[in-house]
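Values reported hereafter were calculated over all heavy atoms of this structure, with side chains retained and with hydrogens, waters and symmetry mates removed.
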Amino acid sequence: MLAIEWYLTVIVFVLIIKTGSGKNCSSITQCRCHKLERKLFADCSDLNLETAPYFPDDVVGINFAKNKFSNVPQSLPKNLLFLDMSNNKLVLLDNGSFSRYKMLQNISLSRNTLREVSIGTFAWNSHLRNLDISFNRILTIEAMYNVTHDLQSSKIRTLNFEKLQCTYGVSQLMRVYHVGFLRHTQLTELNIASNRLYSLETGFLNVLPKSLRILNIADNKLGFGMFIFEFSVLPNLEILNVSFQESFHQVGMNGDFFENCNDTKVATCNCMNNNKYMYESNPASKSSTISLEGFSKPSANYSFYLPRNLQKLYYHDNLYKMSLPEFPMGLNNSLTHIYLQRNIIYEVIGPITGLKRVRYIDFSGNFCKFIAKSFFIPFLGLEILNLSNNALSQMFESDENGDFFQSQRRLTDLDLSLNRIAHLPGHVFQHNSKISRLNLSFNSLSDFNVKINHMKHLSQLDLSHNQLTQLSKNVRASLDAIATRNIKVYLLGNNLKCICGTLDFLKWLRDSKSIYFVGINNYTCLFENASAASFNEIGQIVQVLERKCSSYTLIIVLMTTLIIVTMTTTVSRILYRYRWKLRYMYYVAKEKYKSETHSCEEKDRSSFRFDAFISYAEEERLFVFKLVKYLEEKCNLRLCIHHRDFIPGTGIADNITNAIHCSRHTVCFMTSHFLQSHWCMFELNMARMEAIYARSGQNVLFLVALEKGTMKHLPLQLMDLVDSNSYLEYPGEESGIEIAAFRSKLGETLAAGSD
């Protein structure tokens, strides 16, 4: 990672030069020249040069990259400010390499074959600001001591020590003396990536200059050591890169694998003594070193303190297989961006507190299956969240109340793609009204009926490569309601259908004005016969379906109406035909568990509470009372009449059914009043049902015609009672003998079954 200042310099020096200015800047015409801010630059890169051409004194920058120099040329202009010697064949640098060029500010020695950089090499370059000696893989990190020794009084701002160790050698320990001389410089960027470092010596971070803003220790083999508690001593650190730890390097059998590593190289100085002297000669620095004594026995109430100005933390592409536990952070930090993608963090328990200022988190590609719902609660300022390429389907499919993102009220970008999600609850995003970009692509959604009408800022909805056949009516209405400006919707790669059930959806796709369907001409849909159609002809597809579905609609309506009428008529006829049976069964079942009924049920069926239930119209009450009195006194019968024997507080229908059920016979006194009475006809039909369904067809119903011609007026469905059962006719008041015979006959009939 190079500093912005270094990048701008190199871009100006390398790229703009190639346009040419027309002025002669060297003795060979192949060098490209350019003048910038009255300063002349020469680009002589990639020309297979072994010796330097002549340059006039007004040339301040020279690019010798990708040539064949084995030594630093000594014939260049003395006031040179920029020199790029990368990708050459430099082997050794000593105190004579740059002593002529005391004004140098930027030096690049990257990608040479350097084996040694002697002390004094940069001693004359007090104006040096940017130095790059990266990718000299046999130089080793021991060269850092010599280089930093020469820079302790310089204006150095950026140092690139990336890959000074060979790729497949033994692991290294970064010691304090390697960078100790930088302590009092104004260094802003340090790159020590790709050096197979397995740890940082205690105090290493403490001797780095407090001006440091960018620290790159990526692509090493760092584990978790006590040095992680030292980062807080770098108050101005803004960017920290600890990515690609333990990463795999592809073996190239003809390349790096057989390179001659210089891992046994020994420091050329008594570095440990110098290191000790460096601390003892500066009491202030000695007192400022971090004591790790308090960390030897971690307490449950510990906190990890970040550099107070740290804004971006890169911790991606590491091969640590881990579960993320509770991790309290110190509150005094400025962290806004966290890059955690492509690790192996298979579960997140948390919470990680103290990170309220974080606005960006990339947690994609972590093989994660579980994140605690409370994990994101402390991230109140989160705006951009990428959880793609994990296995979090169960987490989101069970989030019925939107608890997962309940604290992310500022969330604008959410990426949940590649999570194998088959279903999302309707209220999963109910707390996230500021979402502008929602990515759910490459999942297994067969339906999408999520509440989005509160997302007034939504500008992009990506549902591509799922299993959707259409968008639900609610989602379409919500998109139309919030589409005050163009909303991009992605539906490519779904199982869209061209059938009658999706006709409204297809019309919506065709007619929507404020919604832009990205790549709609590449959409395809399937007809019922499995043939496919392209959406670049969506107008024709809709017309075909309208003609087809309109005929189907008429048929469906007619058939549905016919079925409903037929079923209603059939059910009505059945209910009417068996109305008395159904009513009888209802009342019998209703009374089944009552005490009165129980007493009847428990007795033998040959014994009943009453010998007969007397059914009559109110107009014949006096006659019936006299007859009942006679039958009870003379014939010793137990008769039930509703005026006397019905249970108070019980429904009439219940009393009638219970009385018939607990009586051996039912006697109906037929008159014109009887036939006109609702309850009399109810008693007659209940007695009839009792005879058929409870008494196995026994003759338990007797009809007594008190008026002549009454039986002729019975309903047709009751005429079988006249044909199949004998009935008595009352002789009238004229003949006392006939009346006595009538009473006697009735009494004998009712008493016959009581023996």
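- Ser534 places a side-chain N or O within donor-acceptor distance of the main-chain N or O of Asn521, the cut-off being under 3.5 Å.
- Between Cys640 and Cys662, the gamma sulfurs sit at a distance of 2.5 angstrom or greater.
- Among residues two or more places apart in sequence or in another chain, the ring-ring contact (aromatic ring centres under 6.0 Å, His included) test is passed with Phe429 by none.
- Contact annotation: the side chain of Ser663 never approaches that of Asp611 to less than 4.5 Å [non-hydrogen atoms, C-beta and beyond].
- Checked by atom type and distance alone, the side chain of Asn466 pairs as donor or acceptor with a backbone atom of Asn443 at under 3.5 Å.
- Residues that satisfy the side chain to side chain contact (heavy atoms under 4.5 Å, CB included) test with Glu619, not counting sequence neighbours, are Ala617, His673.
- Scanning all heavy atoms of the two residues, the minimum distance from Cys668 to Leu701 falls at SG-CD1, 3.8 Å.
- Identified under the ring-ring contact (aromatic ring centres under 6.0 Å, His included) test for residues 447-494, with sequence neighbours left out: Phe442-His465.
- In this structure, the side chains of Ile614 and Val628 come closer than 4.5 Å at one or more pairs of heavy atoms.
- The salt bridge (Lys or Arg N to Asp or Glu O under 4.0 Å) contacts involving residues 409-424 comprise Asp413-Arg437, where partners must be two or more places apart or lie in separate chains.
- Side-chain atoms of Asn658 do not come within 3.5 Å of backbone N or O of Asn655 as any donor-acceptor pair.
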message = Run the side-chain contact (heavy atoms from CB on, under 4.5 Å) test on Ser472 and Val475 for me, step by step, so that the C-alpha distance in whole Å, both residues' side-chain angles and the decisive distance to 0.1 Å come before the verdict.
response = CA-CA 5 Å; Ser472 68; Val475 171; 3.3 Å; yes
inquiry  = Between Ser444 and Gln467, does the side chain to side chain donor-acceptor pair (under 3.5 Å) criterion hold? Intermediate values first, please.
reply    = CA-CA 6 Å; Ser444 301; Gln467 304 297 322; 5.6 Å; no
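- Annotation for Gln394: atom CD does not count as buried by contact number, only 12 or fewer foreign heavy atoms lying within 6.0 Å.
- Listed for the Asn494 side chain is a donor-acceptor partner under 3.5 Å among the backbone atoms of Leu468.
- A donor-acceptor pair is defined here as one N or O able to donate and one able to accept, closer than 3.5 Å; such a pair exists between the side chain of Asn390 and the backbone of Cys368.
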task = Decide salt bridge (Lys or Arg N to Asp or Glu O under 4.0 Å) for Glu528 and Lys548; before the verdict, give the C-alpha distance in whole Å, the side-chain angles of both, and the deciding distance to 0.1 Å.
result = CA-CA 12 Å; Glu528 289 181 339; Lys548 180 180 179 181; 3.5 Å; yes
inquiry  = Determine whether Lys745 and Glu748 satisfy the following criterion, salt bridge (Lys or Arg N to Asp or Glu O under 4.0 Å), listing intermediate values before the conclusion.
reply    = CA-CA 5 Å; Lys745 180 63 176 178; Glu748 292 175 0; 5.2 Å; no
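- For Asn432 (side chain) and Phe405 (main-chain N/O), a donor-acceptor pair under 3.5 Å exists by modelled atom type.
- The backbone N or O of Ala533 sits nowhere less than 3.5 Å from a side-chain atom of Thr524 that would complete a donor-acceptor pair.
- Contact detail for Gly747 and Leu637: the closest heavy-atom pair is O-CD1, 4.0 Å.
- Under a 3.5 Å cut-off, the side chain of Asp654 and the backbone N or O of Thr650 do not form any donor-acceptor pair.
- For the pair Glu707 (side chain) and Ser672 (backbone), a donor-acceptor distance under 3.5 Å is present.
- Contact annotation: the side chain of Leu684 never approaches that of Ser615 to less than 4.5 Å [non-hydrogen atoms, C-beta and beyond].
- For residues 628-650, the ring-ring contact (aromatic ring centres under 6.0 Å, His included) pairs, not counting sequence neighbours, are Tyr616-His642, Tyr616-His643, Phe625-His643, His642-Phe646.
- Paired with Phe669 under the rule side-chain contact (heavy atoms from CB on, under 4.5 Å), one option of Phe674, Phe702, Phe623 passes, and it is Phe623.
- In this structure, Leu411 and Phe379 have side chains that are not in contact, with every pair of non-hydrogen atoms separated by 4.5 Å or more.
- Applying the ring-ring contact (aromatic ring centres under 6.0 Å, His included) test to residues at least two apart or on different chains, the pairs with a partner in residues 505-541 are Trp508-Phe517, Tyr523-Phe535.
- Across every non-hydrogen atom of Val667 and Ala612, the tightest pair is CG2-CB, 4.3 Å.
- Scored by the side chain to side chain contact (heavy atoms under 4.5 Å, CB included) test, Ser441 finds Ser417, Asn439, Asp462, Ser464 as partners (sequence neighbours excluded).
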Verdict with supporting geometry, Lys373 and Asp399, side-chain contact (heavy atoms from CB on, under 4.5 Å) = CA-CA 9 Å; Lys373 289 185 177 180; Asp399 191 15; 4.0 Å; yes
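- The shortest non-hydrogen separation linking Met681 to Leu675 is CG-O, 3.7 Å.
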message = Working note: Ile435 + Thr412, criterion side-chain contact (heavy atoms from CB on, under 4.5 Å); need CA distance, chi angles, decisive distance, verdict.
response = CA-CA 4 Å; Ile435 286 183; Thr412 60; over 6 Å; no
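- Nearest heavy-atom pair across Ser531 and Asn529 is OG-OD1, 2.6 Å.
- Checking side-chain atoms of Glu690 against main-chain N and O of Ala687 turns up no donor-acceptor pair under 3.5 Å.
- Closest of all the heavy-atom pairs between Asp480 and Ser512 is OD1-OG, 4.4 Å.
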ask   = Step by step, would you call Val624 with Arg621 a side-chain contact (heavy atoms from CB on, under 4.5 Å)?
value = CA-CA 5 Å; Val624 171; Arg621 180 171 60 172; 5.8 Å; no
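- In this structure, the side chains of Leu324 and Phe375 come closer than 4.5 Å at one or more pairs of heavy atoms.
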task = Test side chain to side chain donor-acceptor pair (under 3.5 Å) on Gln470 and Thr502 and set out the steps.
result = CA-CA 7 Å; Gln470 64 173 328; Thr502 63; 5.5 Å; no
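- Remark: Arg573 pairs with no residue by the salt bridge (charged side-chain N to carboxylate O under 4.0 Å, His left out) rule, at least two apart or across chains.
- Partners of Ile563 under the side chain to side chain contact (heavy atoms under 4.5 Å, CB included) rule, at least two apart in sequence or in another chain, are Met567.
- Taking the side chain to side chain contact (heavy atoms under 4.5 Å, CB included) definition, one finds that Asn636 meets it with nothing, sequence neighbours left out.
- Each salt bridge (Lys or Arg N to Asp or Glu O under 4.0 Å) pair with one or both residues in residues 496-509, not counting sequence neighbours, appears once here: Lys507-Glu546.
- In this structure Glu397 satisfies the salt bridge (charged side-chain N to carboxylate O under 4.0 Å, His left out) test with no other residue, sequence neighbours excluded.
- Side-chain contact check for Ile371 versus Leu387: some heavy-atom pair is nearer than 4.5 Å.
- By the 4.5 Å heavy-atom criterion applied to side chains, Ile515 and Asn486 are not counted as neighbours.
- Applying the 6.0 Å contact sphere to NZ of Lys456 captures more than 12 heavy atoms from other residues, nucleotides or ligands.
- When side chains are defined from C-beta on, Phe376 counts as touching Leu382, because their heavy atoms get closer than 4.5 Å.
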ask   = When you look at Glu632 and Arg644, which way does the salt bridge (Lys or Arg N to Asp or Glu O under 4.0 Å) test go after all the steps?
value = CA-CA 14 Å; Glu632 287 181 339; Arg644 181 187 65 188; 2.7 Å; yes
